[in-house]
Structures are given as structure tokens and as C-alpha cells.
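Everything below concerns the one structure shown next.
The figures that follow rest on heavy atoms only: side chains count, while hydrogens, waters and symmetry mates do not. Naming: A, B, ... by sequence-line order, numbering from 1 per chain.
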There are 2 protein chains.
Amino acid sequence: MAERRTRADAVSNRARIVQVARELLTSTSELPMNAVAKAAGVGQGTLYRNFPTREALLAEVYKADVDVLVASAPDLLAQHDAAAAFRLWLDNVADYARVKRGVLAALEGGELAAGHHDPIAGAIDRLLAAGRDEGTLRADVGAQDVLLLLGFLSRPEAAERAHHVLDLIFNGLRVR
Amino acid sequence: MAERRTRADAVSNRARIVQVARELLTSTSELPMNAVAKAAGVGQGTLYRNFPTREALLAEVYKADVDVLVASAPDLLAQHDAAAAFRLWLDNVADYARVKRGVLAALEGGELAAGHHDPIAGAIDRLLAAGRDEGTLRADVGAQDVLLLLGFLSRPEAAERAHHVLDLIFNGLRVR
DNA sequence: ACCTGAACACCGTTCAAGT
DNA sequence: ACCTGAACACCGTTCAAGT
């Protein structure tokens with residue numbers, strides 16, 4: 001199977017689409033596909049061949065952020081006990097959610113979350129498993145449960161109360 | 001100020017709009033305004049004068065359900081201690097959410113929830129206050145926090161795990 | 001091989017014209 | 001006083017035609 005080199009213009013088009021989408025998302029939380037195509041200077045067809053769904057585009061836009069979030073889980077586990085690591089990781093998620101609301105939108109129920117190997121779910125699983133071994137976090141909690149609970153971060157009103165609500169959630173996941 | 005009798009056709013139009021919307025929501029969770037107008041046999045203008053936003057229409061459709069939910073709070077408090085009443089009330093909410101997903105959509109961030117006198121928030125406040133007096137529920141929890149946490153019920157994947165996630169939430173709201 | 005952009009099917013919402 | 005429905009401004013998505 002011969003490796004086929006993608007045309008140079010195709011490569012730059014794809015990169016420009018992602019860059020433009022990222023910029024559009026800094027001003028508003030909406031992302032009209034036609035607006036992305038126009039701002040990127042490509043036809044709608046080009047946009048859709050690169051990213052068949054908006055979820056796919058969002059996943060690409062926030063890939064770097066998600067990678068950082070996922071990578072921070074083992075780092076925190078190396079420096080703290082599992083319960084503290086989990087609590088700190090939740091704060092990381094909240095910080096990302098505050099700055100870039102779209103991260104959560106991409107995360108929940110989309111390509112990222114529904115994919116076979118959702119990296120975020122993997123990070124949560126790791127933290128939960130450590131807490132279970134330690135005996136500080138409830139053994140009957142799955143990554144799915146945590147993802148559902150974190151969904152509140154995507155609501156606009158969440159910003160002010162995020163920290164407090166995370167405390168309540170964390171309190172609920174600890175063993176009594 | 002003389003009471004003005006609304007025209008008979010106007011009254012029946014309004015009732016038919018609500019009835020048709022309710023029926024449409026049993027099959028799908030979407031509610032296109034034009035589809036409502038067409039199914040109700042009225043012009044779009046009539047629909048919009050009665051219900052300026054979709055939220056307003058949803059609020060009317062689910063008014064009866066919300067009333068039942070709100071009324072159940074004092075009933076539960078009369079028969080159980082505050083913590084048990086709160087737990088049972090949460091189950092009531094989950095049951096409604098399972099059957100009619102739209103109740104939650106109408107509840108969260110919409111006319112119902114954002115209104116000056118959100119009845120749901122009132123019911124939650126009442127339950128929380130009783131739990132605080134009793135010393136079983138955390139004093140630093142507000143109705144807003146609970147509403148944010150309950151938002152997960154509107155997600156399609158929530159159905160199977162709703163009961164378990166509610167346990168986690170309840171666990172987090174209790175005093176240690 | 002990749003691209004463009006007209007075109008289609010759908011929204012929500014408004015408002016002039018009717019009764 | 002209330003209603004109708006054409007019309008407008010927007011979506012997402014497809015696909016024939018180009019290079």
C-alpha cells in the first residue's frame with residue numbers, strides 16, 4: 001500500500017479551518033459551519049470533507065486542551081494521594097471550562113465522549129481506581145457517573161458556583 | 001378597568017396549541033414552532049402571540065407536571081424526616097425526567113427556572129431548609145446548586161444511571 | 001485529488017393584509 | 001381583536017461542475 005502524499009493546499013486548508021474555528025470560539029460559543037468555511041476561505045464542501053460533523057471539528061480544536069487535561073491525571077497521582085489528586089483534577093477541569101466553554105460541549109456526548117477510547121473517561125477511571133485502592137473513594141462510581149455530574153460545567157450559570165458544586169460532588173464520591 | 005372577554009376562537013386556539021405541542025413531544029423531543037402551528041391549524045403569528053418563545057410554550061405544556069412535583073415536597077416533609085423527604089423527592093424528579101424528558105429541558109435555564117419565582121427552586125429550598133434545621137443536610141447548599149446538579153437528568157444517557165447518580169449527589173449533600 | 005459555491009431543505013420570526 | 005400565511009434571514013448539508 002503506497003503512502004500517498006496529501007496535496008499541499010489540502011493540508012493548509014485543514015490547518016486554516018481549525019485555526020479559524022478556534023478564533024471564532026473565543027468571541028462566541030456558537031460555531032456556524034458556513035461561517036467557518038467563509039472565514040477560512042474554503043468552500044463548504046472542503047469543510048465537510050475534513051470534518052463531517054461539528055463535533056469532529058470541535059474535537060480537533062480542543063485536542064490540545066484535552067491532552068493536557070488527560071496528562072495531568074497521572075502527574076497529580078504521582079504527587080498526591082488519590083483523593084487529593086482527584087479533587088485537584090476536578091479543579092483543572094473547571095478551570096478549562098471557565099476559559100473555554102466549548103471544551104465541555106465537545107466533551108459531553110460528542111465524538112470525544114462517545115468515542116470508543118474517550119481519553120477523558122480514561123483519566124477519570126485512573127483517578128477513581130487509585131481512590132478505590134486507597135479506600136478513600138467509593139468503589140461503586142464509574143467514569144460515566146463523573147462525566148454526567150460534570151455536565152453542569154457547560155451551563156452558563158455554572159461559572160460562579162463551579163467550585164462549590166465541585167465540592168459537593170467530591171463530597172459525594174468519598175467514602176463515609 | 002373593565003374585564004375584556006377573550007374571543008372564543010382565541011381561547012380554543014390557545015388550548016389546541018398546547019394540546020398539539022404535548023402530543024408532538026410524546027413522539028420526539030423536538031418541537032419545531034412551525035410544526036406546532038401547522039398541526040394546531042393556526043398561523044405562525046397566532047402561535048407567537050400566545051407563546052413568544054418556545055420556553056413559554058414548554059412551560060405551559062409541563063405546568064401540571066411541575067405543579068405536582070412542587071406540591072409533593074411539603075407532602076413528603078409531613079411524612080418523613082427531611083433527609084428522607086429530600087431523597088424521595090429527588091426520585092420523583094428522576095421519574096418525571098425519565099417519562100417526559102422535556103420537563104427537565106423546560107426546567108433548566110428556561111422560563112421556569114430563570115423566572116423570578118421559580119416554583120421548583122422554591123420546593124428545593126423548602127427541603128434544604130428542613131434538612132438544615134434537622135442537622136442532616138449541609139447548610140452551605142442552595143437550590144441553585146441542586147438545580148445545576150440535577151441538570152444531568154436531561155442527558156439521554158442519564159436514564160439508566162439516574163438512580164445511582166442521584167445517590168452520589170444525595171451523599172454529597174449530607175453532613176458527614 | 002481536491003476544490004468551489006449554487007442549491008436544497010429546513011429552521012425561527014415578523015408583519016402586512018385580511019376578517 | 002384576532003387571525004393568516006407569505007416573506008425574510010438564517011441554518012446545515014449535498015453535489016455537479018470545475019481545476
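Atom P of nucleotide dA6(D) and atom NZ of Lys38(B) are separated by 12 Å, given to the nearest angstrom. Straight-line distance from the CZ atom of Arg54(B) to the C1' atom of dT13(C): 12 Å, rounded to whole Å. One interatomic measurement links the two molecules: CD of Glu30(B) to P of dC10(C), which rounds to 13 Å at whole-angstrom precision. The interatomic distance linking Glu55(A) (CD) with dG12(D) (P) rounds to 13 Å, in whole Å. The distance from atom CZ of Phe51(A) to atom C1' of dG12(D) is 17 Å, rounded to the nearest whole Å. One atom, CG of Asn34(A), and another, C1' of dA6(C), lie 12 Å apart when rounded to the nearest Å. The separation between Asp9(A) atom CG and dA1(C) atom P is 13 Å, rounded to whole Å. A straight line from CG of Asn50(B) to C1' of dG12(C) spans 17 Å, rounded to a whole angstrom.
Of the possible donor and acceptor atoms, one in the side chain of Trp89(B) sits under 3.5 Å from a partner among the backbone N and O of Leu69(B).
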List the atom pairs, with distances to 0.1 Å, where a side-chain N or O of residues 30-52 of chain A and a protein N or O form a donor-acceptor pair under 3.5 Å, not counting sequence neighbours.
from, atom 1, to, atom 2, distance (Å)
Asn50(A), OD1, Arg14(A), NE, 3.2
Asn50(A), ND2, Thr46(A), O, 3.0

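Stretches of at least 3 consecutive Watson-Crick or G-U wobble pairs, with each checked distance under 3.5 Å, appear in DNA chain C as C:4-8 with D:12-16, C:12-16 with D:4-8.
For the residue pair Asn171(B)/Arg176(A), the side-chain donor-acceptor check at 3.5 Å is satisfied.
Taking only side-chain nitrogens and oxygens, Arg49(B) never comes nearer than 4.0 Å to OP1 or OP2 of dC2(D).
Evaluation of the salt bridge (Lys or Arg N to Asp or Glu O under 4.0 Å) rule for Asp9(B) yields Arg7(B) as partners, not counting sequence neighbours.
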Detail all sub-3.5 Å separations between protein N/O atoms and N/O atoms belonging to nucleotides 14-19 of chain D.
none

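Listed by first and then second residue, the side chain to side chain donor-acceptor pair (under 3.5 Å) pairs that reach into residues 121-146 of chain B are Arg161(A)-Asp145(B), His164(A)-Asp140(B), His164(A)-Asp145(B), Glu134(B)-Thr136(B), Arg138(B)-Asp140(B), sequence neighbours excluded.
Across residues 10-22 of chain A, Ala10(A), Asn13(A) each have a non-hydrogen atom less than 4.0 Å from an atom of DNA chain C (numbered order).
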